[in-house]
Amino acid sequence: MLDIQLIRKSPQVVEQALLRRGEDIPLERILHLDETRRKLLQEVESMRANQNQLNRLVGRAKGTRTADDLSALVEQVRLMGYEVGPNTASTREGFASFLVHLGRETLSQVLDQRQADIRRLDKKLESLLLYLPNLPHPTVPEGTGDEDNVTVRTWGEPPTFPFTPRPHYEIGEALGIIDFERGVKLSGTRFYVLKGAGARLQRALITFMLDVHTREHGYTEAYLPFMVKGECLVGTGSLPRFGDNLYHDAEEDYWWVPTAEVPLTNLHRDEILEPGTLPLCYTAYTACFRREKMAAGKETRGLKRGHQFDKVEMYKFTEPDHSYEELEKLVSDAEDIVQRLGLPYRVRMLCAGEMGFQSAKSYDIDVWASGVGEWLEASSCSNCTDFQARRTRIRYRPEPGARPQLVHTLNGSGLALPRMVIAVLENYQREDGTVSVPPALQPYLGTEVIS
RNA sequence: GGAGAGGUGUCCGAGCGGUUUAUGGAGCCGGUCUCGAAAACCGGUGCCCGUUUAUGCGGGUCGAGGGUUCGAAUCCCUCCCUCUCCGCCA
């Protein structure tokens, strides 16, 4: 969510920034709602201040007046009579005619109605704000499509083969380690079963990644719920706008997580973090569930885009001043994994139009897959600045006793499993159909070759 | 799933219709004392919104949402959560 005060103060700046993402926002409507709301709020609050003052008068009079006298006073206050004290300036007649004008008997009734108006405005305003994406950082390149993303570096060379390299779905089926047919039998299209060395390869990769992140990169491992409440998804930005990509259990109102980013963000929801606790760095393995309502074809063949996939996620809560340097470290932590596996990759800075809803700046890590002959997005690392922190009310205290401020949140895949399995199988394949195991994984798999 | 007990500020914990405008303590901040520290003592200190921005002023906030009342942390209703015992289970 964007800061309403920023929108109020610099509407054109916000409008222009979002235009870079191709978002045309209902600015006039937002500003009008905000102004109406504040006007009404001031009116209600001054009425309430009046009411509070009179009620205090009754409380104080309780000990000093007779019962008859007191009930007369209560009756006057009930009708908002203004003859109750020496310092009440307004006239009773004036107020009575105000109430008559509104068709109401008492101030309470007027207040109730006004407050309902404010609640309605609040809801409208909030629902508009929840649909606005984050502002792109000034360093983010212009553009709306894949071709506008900027490659910032590449690592490694695509391997060459004395034979035509095969795609992973052929290698996997031939080795009996990926079973597409039985996956479909169990759960339908876009599900698969990993067996034997296939299942073990994925598990080895998960353990390897978690070990490196926790032992060498300074992350704390977390095991998280795979189902969460709807408010968690509102907190990250997945709801209300992208609900059609999520699985939802209507009976219990549980949502399957589309990424560990969702439970990780909400770990510290509604908390004020004490000085000295930032940055907080977490890593977690979870399964991820997505509807992915796209048509079948090249984009979905094999392991590339299933409804269920595994991912190791990295996540940081940081102070605002350090979030962009932490983003660079986050990317290099993900790169470290790919390098140790000896897989060629490129890092791309996403253009304004290609970034996720919640992100202010994102890098993708694309791993080269020799069989399908394409770059596969295996990681996306984003600085969400205070966008999610505002939705989830995650704050920190810069100094003891200082006012709480919103934290910045960052997330990055470290990395997505199916695409790493694809890259390993395709880049390490051999002519006889077997696959050699990258040295870093050999202790985890207990073998040098998958055959 | 059954029965009972509870949810109060960063934490602990009182209050159960109105001098409470949320008592008290811990913690934290500042000060006194000290060569320095600890202890002791004094003062300050929740969060959100609006307004003003120089200190200010006002409103909201006691798990959430409704209701009763001139007035609700306090009474009533609905829901959520936690704990204890029993049952069931990996």
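Labels below follow one simple rule: chain letters A, B, ... track the order of the sequence lines, proteins then strands, and each chain is numbered from 1.
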**Student:** How close or far is atom C1' of B/rU52 from atom NZ of A/K9, stated in whole angstroms?
**Tutor:** 15 Å
**Student:** On RNA chain B, check which nucleotide each of A/S46 and A/Q42 is closest to and give me the residue with the more 5' one.
**Tutor:** A/Q42
**Student:** Base, sugar-phosphate, or nothing for A/Q5, non-hydrogen atoms under 4.0 angstrom?
**Tutor:** sugar-phosphate
**Student:** Give a yes/no on whether any side-chain N or O of A/R38 is located under 4.0 angstrom from OP1 or OP2 of B/rU51.
**Tutor:** yes
**Student:** Is the phosphate of B/rU10 approached by A/R397 (side-chain N or O, under 4.0 Å from OP1 or OP2)?
**Tutor:** no
**Student:** Report which part of the nucleic acid A/R393 touches: base, sugar-phosphate, or nothing (heavy-atom distance under 4.0 Å, all strands).
**Tutor:** nothing
**Student:** Roughly how far apart, to the nearest Å, are B/rG4 and B/rC57 at atom C1'?
**Tutor:** 48 Å
**Student:** Figure out the OH/P separation between A/Y396 and B/rC28, and round it to whole Å.
**Tutor:** 21 Å
**Student:** In this structure, how many angstroms lie between the P atom of B/rU51 and the CG atom of A/L41, rounded?
**Tutor:** 8 Å
**Student:** Which one is paired to B/rA3, where only Watson-Crick or G-U wobble pairs with both distances under 3.5 angstrom count?
**Tutor:** B/rU84
**Student:** Suppose we call two aromatic rings close when their centres sit under 6.0 Å apart. Are A/H307 and A/F191 close by that rule?
**Tutor:** yes
**Student:** Between the base of B/rG50 and the side chain of A/E45, is there a donor and acceptor pair under 3.5 angstrom?
**Tutor:** no
**Student:** For nucleotides B/rG9 and B/rG63, find the distance between their P atoms and express it as a whole number of Å.
**Tutor:** 8 Å
**Student:** Measure from the side-chain N and O atoms of A/R290 to the backbone N and O of A/N245, and report whether any donor-acceptor pair falls under 3.5 Å.
**Tutor:** no
